[in-house]
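Just so it is clear: chains get the letters A, B, ... in the order the sequence lines come, proteins before strands, and each one is counted from 1.
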Amino acid sequence: MLIATHNVNSLRARLARFTAWLERVQPDVVCLQETKVTDDLFPKEPIEALGYHVAFHGQKTYNGVAILSKTPIEDVVAGIADFEDPQARSLSATTAGLRVRCLYVPNGKEIPSDKYEYKKAWLDALIAETRASWDPSQPVVLTGDFNIAPDERDLWDPEGWHEKVLCSTPERERLQALLDWGLTDAHRMHTDEAGQYTWWDYRQAAFRRAMGMRIDLFLISAPLVPRCTAVTIDRQERKGEKPSDHAPVLMELNDA
DNA sequence: ATGGCCATCATGGATGGA
């Protein structure tokens, strides 16, 4: 089966492009971030018409997450336990035999800033809920836009980005806490290569100049590690008319 | 040297993104 994550940077602005991609690629499960649409306006009809069940958790203008699946979606939970969050950034659900968590981690803006403090507190709450209520012996997928580049291979200018937001030690320590709980960065199971980016700034012709970061991740629990045969970044989808600034990432899992 | 793009809301320009 194929599971995808994609920060679409507005689902409605990207709808025609996205549904064309969905029809072509035929992923079994898709996690979307930055849908930027309230639940009453979520464009579920064109997605359901392509054979997908859909769960969503959105708000006006900013943020917003959704899970699409060819099989029924159950036990949907929005947000993080014991964390009052006005921003729609987490959606968990069971589908296709997986417990899936679709995440849009806060950006953090700059260090120091209120937004950076919010990012750290948000990640602390995610870690706490994961330790308290999730089971790494089950098939668990945490995926989405983590807004953290795991290591120096994952950003185009390590010196320029040194201890900047998305790369700072406190952020990476929090990502490591999730990994230490019992998750594996699926991309790194298959390659040590640097420069495997998933996001490129719209400015400065960053995509053409390979100025990007790998911040869209699949973190998988131990039962899924032997099933994961490939992780690919769909760079083609970053090209053309009105792309998102993120490329979709696809993970292939063998049957259990 | 700085910022250079894009989406939203709204209809100008601020905010946010990363």
Side-chain angles (χ1 to χ4, degrees), chain A residues 5-19 21 31-43 56-66 85-90 102-123 143-172 174-175 187 194-217 233 235 237-249:
Chain A
T5 186
H6 188 22
N7 179 323
V8 287
N9 184 17
S10 174
L11 182 55
R12 287 179 294 174
R14 218 69 60 207
L15 190 59
R17 229 192 123 112
F18 172 69
T19 51
W21 177 86
C31 292
L32 297 178
Q33 303 86 36
E34 282 208 88
T35 55
K36 297 189 177 181
V37 61
T38 52
D39 293 347
D40 57 317
L41 295 175
F42 191 95
F56 39 82
H57 172 47
Q59 65 181 93
K60 190 174 179 179
T61 310
Y62 302 120
N63 310 311
V65 280
D85 195 352
Q87 305 189 14
R89 295 181 173 276
S90 175
C102 175
L103 298 167
Y104 177 44
V105 176
N107 171 285
K109 192 174 174 77
E110 60 188 354
I111 306 172
S113 70
D114 289 348
K115 289 190 171 66
Y116 183 64
E117 294 305 311
Y118 165 68
K119 181 178 194 173
K120 289 187 294 179
W122 193 96
L123 287 164
T143 186
D145 178 357
F146 280 75
N147 270 319
I148 302 172
D151 66 48
E152 305 303 84
R153 295 169 293 181
D154 300 316
L155 61 156
W156 63 275
D157 179 14
E159 288 174 14
W161 280 94
H162 180 69
E163 291 299 334
K164 296 285 199 309
V165 75
L166 312 197
C167 314
S168 74
T169 300
E171 293 165 82
R172 285 177 170 168
R174 284 164 172 81
L175 178 61
H187 179 87
Q196 302 290 296
Y197 307 137
T198 65
W199 167 84
W200 301 261
D201 201 305
Y202 282 124
R203 295 167 290 189
Q204 301 177 267
F207 180 72
R208 182 174 56 73
R209 298 164 67 192
M211 298 158 60
M213 290 201 195
R214 188 174 73 91
I215 54 178
D216 300 272
L217 311 177
I233 301 163
R235 291 170 45 85
E237 197 60 18
R238 182 60 177 77
K239 304 175 182 175
E241 286 285 305
K242 277 173 62 99
S244 170
D245 47 354
H246 295 251
V249 185

Do A/Asp145 and A/His6 have side-chain heavy atoms sitting under 4.5 Å apart?
no
When rounded to whole Å, the CD to C1' distance for the pair A/Gln59 and B/dC9 reads 14 Å
Are any of A/Arg89's side-chain N or O atoms less than 4.0 Å away from OP1 or OP2 of B/dG17?
yes
Sugar-phosphate, base or nothing in reach of A/Phe146, heavy atoms under 4.0 Å
nothing
Sticking with atom P, work out how far B/dC6 lies from B/dA18, rounded to a whole angstrom.
15 Å
I'd like the C1' distance from B/dA7 over to B/dG12, given in whole Å.
15 Å
Should A/Asn9 be listed as having a side-chain N or O under 4.0 Å from OP1 or OP2 of B/dA7?
no
Can you tabulate the close N/O pairs, meaning under 3.5 Å, that link protein atoms to atoms of nucleotides 2-4 of chain B?
unit_1: B/dG4; atom_1: O6; unit_2: A/Gln204; atom_2: NE2; d: 3.0

Does the side chain of A/Tyr62 get closer than 4.0 angstrom to OP1 or OP2 of B/dA14 through an N or O atom?
no
Between the side chains of A/Arg17 and A/Glu237, is the shortest nitrogen-to-carboxylate-oxygen separation below 4.0 Å, so that they form an ion pair?
yes
Carboxylate-amine/guanidinium proximity below 4.0 Å for A/Arg172 and A/Glu152
yes
Any side-chain heavy-atom pair of A/Lys36 and A/Arg12 under 4.5 Å:
no
Atom CG of A/Leu103 and atom P of B/dA18 are separated, to the nearest Å, by 14 Å
Can you tell me if the side-chain N/O atoms of A/His246 get under 4.0 Å from OP1 or OP2 in B/dA18?
yes
Using purine N1 to pyrimidine N3 plus N6-O4 or O6-N4 for Watson-Crick, or N1-O2 and O6-N3 for G-U wobble, both under 3.5 Å, which nucleotide pairs with B/dT11?
none
Return the orientation label for the A/Phe42 and A/Phe56 ring planes: parallel under 30°, perpendicular over 60°, tilted otherwise.
parallel
For B/dG16, does OP1 or OP2 lie under 4.0 Å from any side-chain N or O of A/Lys109?
no
Can you see if the side chain of A/Lys242 gets near the phosphate of B/dA7 - specifically, an N or O under 4.0 Å from OP1 or OP2?
yes
A/Lys60 atom NZ is separated from B/dT15 atom C1', nearest whole Å, by 14 Å
May I ask you to decide whether A/Lys120 forms a salt bridge with A/Glu117, counting only side-chain N to carboxylate O separations under 4.0 Å?
yes
Short side-chain N/O contact from A/Arg14 to OP1 or OP2 of B/dA7, under 4.0 Å
yes
Check whether any side-chain heavy atom of A/Ser10 lies under 4.5 Å from a side-chain heavy atom of A/Glu34, and answer yes or no.
no
Side chain of A/Ser10 (C-beta onward), nearest among B/dC9, B/dA18, B/dA7
B/dA7
Expressed as a whole number of angstroms, how long is the span from A/Trp199:CH2 to B/dC6:C1'?
12 Å
Interatomic distance where CG belongs to A/Asn63 and C1' belongs to B/dT15 [whole Å]
12 Å
Quick check on DNA chain B: between A/Pro106 and A/Pro243, whose nearest nucleotide comes earlier from the 5' end?
A/Pro243
May I ask you to evaluate whether A/Asn7 reaches the phosphate of B/dA18, defined as a side-chain N or O under 4.0 Å from OP1 or OP2?
yes
Heavy-atom nearest nucleotide on DNA chain B for A/Leu166 versus A/Ala13: which residue maps closer to 5'?
A/Ala13
B/dA14 to B/dG4 separation - P atoms, rounded to the nearest Å:
13 Å
What is the distance, to the nearest angstrom, from the CD1 atom on A/Ile111 to the P atom on B/dA18?
15 Å
Applying the Watson-Crick and G-U wobble criteria at under 3.5 Å, what pairs with B/dT2? Answer none if nothing qualifies.
none
Between CG of A/Leu155 and C1' of B/dA18 the distance, given in whole Å, is 12 Å
When the distance from CH2 of A/Trp200 to C1' of B/dC6 is rounded to whole Å, what number comes out?
17 Å
I want to check a possible cation-pi pair here: A/Arg214 against A/Tyr197, using under 6.0 Å from ring centre and within 45° of the ring axis as the test.
no
Does the side chain of A/Asp216 come within less than 4.5 Å of A/Phe146's, by heavy atoms?
no
Think A/Thr61 has a side-chain N or O under 4.0 angstrom from the OP1 or OP2 of B/dT15?
no
Gap in Å between the two P atoms, one belonging to B/dG3 and one to B/dT15, rounded:
16 Å
